[in-house]
Amino acid sequence: MAALRGSLRISDGCESFRPFKETQRHIHRVRADEVECRPANAARFTFLAPAAAEFYPDWDAVADQNVATLRTEVGRNPYDKALSDLIGELSTRGDTFRQRWAQHEVRRHRAGSKRLNHPLAGQLTFNYETMELAADEGLYLIVCGVAPGSRDAEALNLLASWSASASARTTSKN
């Protein structure tokens with residue numbers, strides 16, 4: 001295992017690892033094993049989904065991070081139509097985004113922790129580290145982890161076992 005910061009680790013044999021790819025220009029997250037599905041958009045979810053405030057216990061911090069990251073990307077790609085369309089959509093659909101956008105904060109979040117409320121497992125805290133992939137400009141690898149032996153690790157293991165059981169049932173029906 002290669003250690004990153006604190007309790008964040010990369011394991012070559014981690015069966016429950018689900019790779020994601022992220023392109024910052026649009027802040028899309030796509031599960032690498034389901035690339036044919038429509039990508040989830042973190043900014044749209046944060047500002048437009050009623051469930052976001054409950055999902056993120058630190059919603060204000062998450063909202064600020066989303067806006068600051070979008071502003072960073074606008075500086076890198078000022079003529080990106082899809083990015084402009086996303087910002088226009090968020091600006092016209094609510095004051096919350098528009099007020100944060102007007103603050104002109106620009107930054108990239110490379111490492112930290114995020115808390116979320118999972119509907120089955122309860123509150124979980126993830127540590128994350130973001131690494132830019134040199135071969136693909138604008139593509140980032142985000143590694144998320146939890147402290148080994150923690151309540152978060154136990155909850156993730158339980159969720160992984162439920163997911164594996166559901167996957168096995170689906171496979172056996174086909």
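Remember, it's a predicted structure, so these values are computed and weren't measured experimentally. Only heavy atoms go into these numbers, but all of them, side chains included; no hydrogens, no water, no symmetry mates.
In this structure, Y128 and C144 approach most closely via the heavy-atom pair CB-SG, 4.1 Å. What you find for T46 and W59 is that their closest heavy atoms are O-NE1, 3.0 Å. For the residue pair Q123 and D152, the shortest heavy atom distance occurs at O-OD1, 3.8 Å. Closest approach of L90 to R44, counting heavy atoms only: CD2-CA, 4.1 Å. The nearest pair of heavy atoms linking A121 to A155 is CB-CB, 3.9 Å. In terms of heavy-atom proximity, I87 sits nearest to F97 at O-CE2, 3.8 Å.
Atom CZ of R100 sits about 13.5 Å away from atom CZ of R71, to the nearest 0.5 Å. Atom CD of E129 is separated from atom CG of L141 by 10.0 Å, given to the nearest 0.5 angstrom. Once rounded to the nearest 0.5 Å, the distance linking OG1 of T130 with CD1 of I142 reads 4.5 Å. The structure places OH of Y56 at 7.5 Å from CG of L116, a figure rounded to the nearest 0.5 Å.
A search for salt bridge (charged side-chain N to carboxylate O under 4.0 Å, His left out) contacts involving R115 returns D58, not counting sequence neighbours.
A salt bridge is absent between E154 and R151; no separation between the charged side-chain nitrogens and carboxylate oxygens falls under 4.0 Å.
Summarising the local packing, CD of E54 is surrounded by 12 or fewer heavy atoms from other residues, nucleotides or ligands at distances under 6.0 Å.
A side-chain donor-acceptor contact under 3.5 Å links S161 to the backbone of L158. Under a 3.5 Å cut-off, the side chain of D80 and the backbone N or O of L83 do form a donor-acceptor pair.
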Audit row: E89, L48, side-chain contact (heavy atoms from CB on, under 4.5 Å) steps and yes/no: CA-CA 10 Å; E89 175 188 357; L48 303 179; 3.6 Å; yes
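Within the 4.5 Å cutoff, the side chain of L156 has heavy atoms near those of the F126 side chain.
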